[in-house]
Undergrad: 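The structure that follows is given in the form of structure tokens.
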There are 2 protein chains.
Amino acid sequence: MTIRTGPARTPRQVQILEKTLELVREGGLAHVTTKRIAERVGFTEAAIYRHFPTKQALILGLMDLLEDMLVEPIRAIAGDGSLSVRQRLEAIVRHHTTLVREQNSLPILLLAEASVSEDPALLGRMRSIFHDYLSVLEGLVREGQAQDEIVQAPEADCLALLLLGAPAALAIRHRLFPDARAEDRFEHSLIPHLVSSLDLNPGRKA
Amino acid sequence: MTIRTGPARTPRQVQILEKTLELVREGGLAHVTTKRIAERVGFTEAAIYRHFPTKQALILGLMDLLEDMLVEPIRAIAGDGSLSVRQRLEAIVRHHTTLVREQNSLPILLLAEASVSEDPALLGRMRSIFHDYLSVLEGLVREGQAQDEIVQAPEADCLALLLLGAPAALAIRHRLFPDARAEDRFEHSLIPHLVSSLDLNPGRKA
DNA sequence: CGGAGGTAAGTGAATGGTCACTTACTTCTC
DNA sequence: GAGAAGTAAGTGACCATTCACTTACCTCCG
């Protein structure tokens, strides 16, 4: 689907991207300046430009990382035929919430700030990532719906959006009120409830 | 709960805040500069400082507007005894989605950008708004749970967060792929489904 | 009535700070 | 000795904020 025009990063590029991601985790894209990146890596601002042509290119590199962390894994889960649709949906939502907790709400920070970016390349990249994510969910939901006879349920795209909403809301709260205990409960009790409430799979037909 | 230390705005202050809100709707908080505000209002940058002591104070004024648009109305809905808990929850989620559509995802933009702000006053204000919003939802959910015997359902705070997730996800998609038709469907088919899936109210007990 | 004094609201031109980015020069390694 | 990787010291653009000053209006007093 998305063509991987091989990043083929040098080790130094990878290091720069990782340090930059660290900055984003701490304070969002707005917090990322060439000066701060250089500080983290341990060299001067000018050195950045030996490895990336512009800051824009560097930020676009972050989007590749986001795709690797968020979209690629859920694509893999969605294609895992050994699991039921419901199990796969649950695994996807769980993957997303785990990522949110490990990466300090990184996905929604990148998303929110890229969505108001003046840079059309960044905006387009974000659109594509978001679209791919929702497509995977929507495809799975459709698959689940096809196994059942339920027709009056909400449309697949609405349900897919709802499945995105759970980790999104968790991410927002995690930013403002991090609370590992509450987040554990969210993972263990809410996600199964959410997925089963979709009314997709057999077991409720009787 | 939240003490309204009366803003008591002059007409000019209100005008400035409205124009600033316009800028936020277009490109987020990062897009707001004193120059752009002045352009919108039709005077010079310096004139802003006749009406607000600092830009920070102006931005905090935006948070008051957000509270008026988002938190106050849902508080009113939550206290409306003529509706069932389920009807009230549905009305709240619907109010939020309507606001998101009318204001171009304003709430989540303010939230995301304030959550990474270096300004502790702004961060604190955002925390308080977010907390109040979730408290209203959580209180209602608890009220609904008390009417039933269901105990194994997810905890009230998890369900409240889920109810926030729906408009949040809609807001994100609205930013990247605005689609009035899809958003109508979301409002008309997903919200009722979501609220009824909470398993709060009678009618399902049999 | 008329002018003196006060004030709210505006202006143009600066201020110092930060931003992304560039240039000319060095240093290290194969 | 050449190219990759680094540096110090800039560049102009933009940022929030301040400054001295003007304008229009109000009020009060003889």
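Residue numbers begin at 1 in each chain, while the letters A, B, ... track the order of the sequences.
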Undergrad: Counting any heavy atom closer than 4.0 Å, what does B:Tyr49 reach on the DNA or RNA strands: base, sugar-phosphate only, or nothing?
TA: base
Undergrad: Do the rings of B:Phe43 and B:His51 sit parallel, tilted or perpendicular, given the 30° and 60° boundaries?
TA: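 Geometry flag for B:His51 against B:Phe43: parallel rings.
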Undergrad: The side chain of A:Ala46 lies closest to which of these nucleotides: D:dC15, C:dA20, C:dT23?
TA: C:dT23
Undergrad: In whole angstroms, how far is the P atom of C:dA13 from the CZ atom of B:Phe43?
TA: 19 Å
Undergrad: More than 12 foreign heavy atoms under 6.0 Å from NE2 of A:His95: is that the case here?
TA: yes
Undergrad: Just how far, in rounded Å, is P of C:dC19 from CG of A:Asp119?
TA: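 Going from A:Asp119 (CG) to C:dC19 (P), I get 19 Å.
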Undergrad: When you measure from the side-chain N and O atoms of B:Thr44 to the phosphate of C:dG12, is any distance below 4.0 Å, counting only OP1 and OP2?
TA: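 False: B:Thr44 side-chain N/O out of range (4.0 Å or more) of C:dG12 OP1/OP2.
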Undergrad: Specify the separation, in whole Å, of atom CD1 of B:Ile48 and atom P of C:dT11.
TA: 11 Å
Undergrad: NE2 of A:His51 versus C1' of D:dT7: gap in Å, rounded?
TA: 13 Å
Undergrad: Charged N to carboxylate O under 4.0 angstrom, A:Glu183 versus A:Arg101?
TA: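 So A:Glu183 pairs with A:Arg101 through a salt bridge.
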Undergrad: Categorize B:Val32 for me: base, sugar-phosphate, or nothing, with a 4.0 angstrom heavy-atom threshold over every strand shown.
TA: sugar-phosphate
Undergrad: Using the side-chain heavy atoms of A:Ala47, tell me which of these nucleotides is nearest: C:dT11, D:dT7, D:dA16.
TA: D:dT7
Undergrad: To the nearest Å, how far apart are B:Lys35 NZ and D:dC15 C1'?
TA: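 After rounding, the gap between these two atoms is 10 Å.
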Undergrad: Starting at CZ of A:Phe52 and ending at P of D:dG6, how long is that distance when rounded to a whole Å?
TA: 12 Å
Undergrad: Could you check whether atom NE2 of A:His31 has more than 12 heavy atoms from other residues, nucleotides or ligands sitting under 6.0 Å from it?
TA: yes
Undergrad: With heavy atoms under 4.0 Å as the rule, sort A:Thr33 into base, sugar-phosphate or nothing.
TA: sugar-phosphate
Undergrad: Within this structure, what is the CD-to-C1' distance between B:Glu39 and D:dC15, rounded to whole angstrom?
TA: 14 Å
Undergrad: Among C:dA9, C:dA20, D:dT7, which nucleotide has an atom closest to any side-chain atom of A:Arg50?
TA: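 Selected nucleotide (nearest to the side chain): D:dT7.
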Undergrad: To the nearest 0.5 Å, tell me how far A:Leu162 CG sits from A:Asp157 CG.
TA: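 Between A:Leu162 CG and A:Asp157 CG, I get 11.5 Å after rounding to 0.5 Å.
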Undergrad: Measure from CG on B:Leu29 to C1' on D:dC15 and round the result to the nearest Å.
TA: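 That distance rounds to 15 Å.
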Undergrad: Which nucleotide sits closest to the side chain of B:Lys55: D:dA16, C:dA20, D:dG6?
TA: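 For B:Lys55, the side-chain atoms sit closest to D:dA16.
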